[in-house]
Amino acid sequence: MKAIFTRRTIIIFSTALLLAIISIVSINVMSSSGPVTGFANVVTRPVRELASTVARAFGSIFSAIYDYEAQVARNDELQRRVAELEANYREAHDLAEENAMLRALHDFRERYSGYESEMASLSSWNSDNWSSTFVINKGSSNSNIRRGMGVATEYGALIGQVFEVGATESTVITVLDTKFSAASFVGRRDSGGEEDSYVTVKGDYTYLRTGLLILDTINEDLIVRSGDSVVTSGYGGVFPPGLTVGTVEEVFRHAGGIGRFATVRPNLEFERLTTVFVITEFENPT
Amino acid sequence: MIKKKRTVLVGTILLHTLLILLVYMFQGAIFPFLRIGGLVPLMLPVAVTGIALYEGRDMGGICGIFAGVLCDISFNQPVGTFTVLLTLVGLGIGILSEMIILSSFVTYYIGCAAVLTVCAFVQMIPVIAQQNDIPSSILMSTAIGQTTYSLIVAFPIWFFVRALGKRRERLSPAARD
């Protein structure tokens with residue numbers, strides 16, 4: 001019978017351990033992913049980019065077939081919602097309310113417009129089921145991108161936040177990831193005071209697979225309804241104000257009945273993202 | 001004789017490298033666009049399990065390091081967790097296949113199920129650390145879904161690892177022992 005711990009077994013395991021230790025030390029000392037991860041990323045980049053190109057073409061064919069039943073269900077759902085909206089439309093009070101909300105949102109964006117951004121291409125998506133991240137082709141050596149910067153689409157929809165910056169690549173966590181949170185503004189001011197409309201929007205693992213994030217702990221005085229728009233407030237200085245986060249889908253009460261939260265559907269299709277904008281500078285309203 | 005052995009070894013390493021790269025391409029770049037129920041299958045741990053089962057601890061361990069680094073990259077995380085985990089998987093399954101278990105379809109599937117379950121629990125830890133109010137049913141459904149989906153894609157991978165194992169047996173029958 002062969003011995004369990006041969007010299008080669010120990011060498012192989014020590015190599016893996018060494019790579020992991022180098023990586024962990026790099027993260028803690030240099031605040032970057034380290035030389036091992038950096039080297040592996042650079043070496044595998046052509047393979048990933050080639051595969052992504054093939055995958056995109058393949059994915060669109062697959063989704064057309066796979067999504068057929070989902071499209072039928074979505075169509076039924078949309079028809080139901082159209083009926084609901086028509087009923088709402090007749091109510092003058094709601095119309096006025098809606099107008100006020102839109103005006104508030106518009107004012108909000110006008111007031112805090114203007115920020116500097118850096119364009120980047122999406123290299124690859126993460127392939128695990130426990131987080132929502134992707135890699136962009138800009139890093140510390142070829143851009144001004146720094147950890148914590150906001151990432152948005154060309155239409156001003158918030159995608160996420162730069163989580164880790166390598167030499168030539170950076171990892172971005174999306175708004176769905178559990179590590180994401182942002183100070184936001186719900187586009188409705190029924191309760192009077194503008195301050196009451198500020199909430200925190202964050203990623204929640206419970207809703208990750210359904211593509212939703214949540215409005216955490218909504219003030220009891222604040223009226224939040226399905227269809228309300230959520231935009232970044234700019235408070236906290238992490239994200240510029242006025243970026244669209246999404247639309248409120250449903251409002252729930254926390255287990256135990258204390259406090260409410262709402263699910264929010266982002267106003268973008270993550271699968272179709274190819275180019276993103278990293279916001280490198282913006283005017284802070286505070 | 002030595003030259004022939006070296007040629008066989010180089011060929012074996014090359015073919016396994018190609019297999020791991022192919023599996024990485026599918027896991028890291030193709031399947032994220034082909035999610036079923038929002039899930040992506042784990043293929044690299046499956047490939048390491050198969051290789052270790054048919055090739056033994058040395059090839060299993062080396063492929064474990066390689067696949068582990070690629071796995072960490074495909075999860076957009078620093079090299080570490082899966083590099084160590086898949087090396088241990090390669091060495092562990094390799095040792096078991098050399099000493100106790102047979103290299104067969106059934107043992108391959110049992111090994112894959114065990115390894116995928118361990119992987120799911122390892123992946124769960126940072127999520128729980130980040131957000132501690134996640135219902136356990138949500139975590140379990142992701143773990144079960146991921147394992148099941150991965151076991152489905154384990155089937156085609158078995159043909160490749162078995163073919164490579166047979167090739168090695170044909171060219172140098174005593175190489176594994």
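A note on names: the letters A, B, ... follow the listed sequences, proteins ahead of strands, and every chain is numbered from 1.
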Exercise. Which distance, rounded to the nearest 0.5 Å, do you find between the CG of D204(A) and the CG of D133(B)?
Worked result: 6.0 Å
Exercise. So with a 6.0 Å cut-off around CZ of F252(A), is the heavy-atom count from everything else above 12?
Worked result: yes
Exercise. What is the minimum heavy-atom distance between P135(B) and T206(A), and which atoms define it?
Worked result: CD-OG1, 3.5 Å
For this session: Would you name the heavy atoms of P32(B) and W125(A) that are closest together and state the gap between them?
Result: CB-CB, 4.1 Å
Seminar exercise, completed: Closest non-hydrogen contact found for A16(A) with T87(B) is CB-OG1, 3.1 Å
For this session: Identify, with sequence neighbours excluded, every residue that meets side-chain contact (heavy atoms from CB on, under 4.5 Å) alongside D216(A).
Result: K202(A), I214(A), H254(A)
Problem set entry | Largest heavy-atom contact set with chain A, pairs under 4.5 Å, which of D58(B), T81(B), I95(B) | D58(B)
Problem set entry | Members of residues 172-184 of chain A whose heavy atoms come closer than 4.5 Å to chain B | T178(A), K179(A)
Exercise. Where does F26(B) contact chain A at under 4.5 Å (heavy atoms): side chain, backbone, both or neither?
Worked result: neither
Exercise. Minimum heavy-atom separation for R35(B) to N126(A), with atom names?
Worked result: NH2-O, 3.5 Å
Exercise. Side chains of V69(B) and L19(A): does their closest heavy-atom pair fall under 4.5 Å?
Worked result: yes
For this session: Look at the side chain of R57(B) and the backbone N and O of T9(A), then say whether any donor-acceptor pair between them is shorter than 3.5 Å.
Result: no
Exercise. Taking every heavy-atom pair that is under 4.5 Å apart, which of S131(A), G203(A), G211(A), A20(A) has the most such pairs with chain B?
Worked result: A20(A)
Problem set entry | Distance, nearest 0.5 Å, that separates CZ of F33(B) from OG of S127(A) | 11.5 Å
Exercise. Measuring from W130(A):CH2 to I128(B):CD1, what's the distance to the nearest 0.5 Å?
Worked result: 7.5 Å
Exercise. Where on L139(B) is there a heavy atom nearer than 4.5 Å to chain A: the side chain, the backbone, both, or neither?
Worked result: both
Problem set entry | Nearest-0.5 Å distance, SG of residue C71(B) to CG of residue D128(A) | 9.0 Å
Exercise. Which bit of S141(B) comes within less than 4.5 Å of chain A, counting heavy atoms only: side chain, backbone, both or neither?
Worked result: both
For this session: Would you mind checking which part of T133(A) comes under 4.5 Å of any heavy atom in chain B, side chain (CB onward), backbone (N, CA, C, O), both or neither?
Result: both
For this session: For chain A, find which of T83(B), V84(B), L91(B) contributes the most heavy-atom pairs closer than 4.5 angstrom.
Result: L91(B)
Exercise. Does a sphere of radius 6.0 Å around OH in Y207(A) hold more than 12 heavy atoms from other residues, nucleotides or ligands, not counting ones at 6.0 Å or beyond?
Worked result: yes
Problem set entry | Non-hydrogen atoms of Y205(A) and Q131(B) that approach each other most closely | N-OE1, 2.9 Å
Exercise. Is chain A contacted by the side chain of F75(B), its backbone, both, or neither, given a heavy-atom distance below 4.5 Å?
Worked result: both
Seminar exercise, completed: Okay, I65(B) and chain A: the region with an atom under 4.5 Å from a heavy atom over there is side chain
Exercise. Has R146(A) got more than 12 heavy atoms of other residues, nucleotides or ligands less than 6.0 Å from its CZ?
Worked result: yes
Seminar exercise, completed: Value for CD (E271(A)) from CG (L34(B)), rounded to nearest 0.5 Å, stands at 11.0 Å
Exercise. Going from OG1 on T142(B) to CG on N129(A), what distance comes out if it is rounded to the nearest 0.5 angstrom?
Worked result: 7.0 Å
Problem set entry | Heavy-atom proximity to chain A below 4.5 Å, by part of Q27(B) | both
Problem set entry | chain A interface, residue from I73(B), L42(B), L88(B), L70(B) that has the most non-hydrogen pairs under 4.5 Å | I73(B)
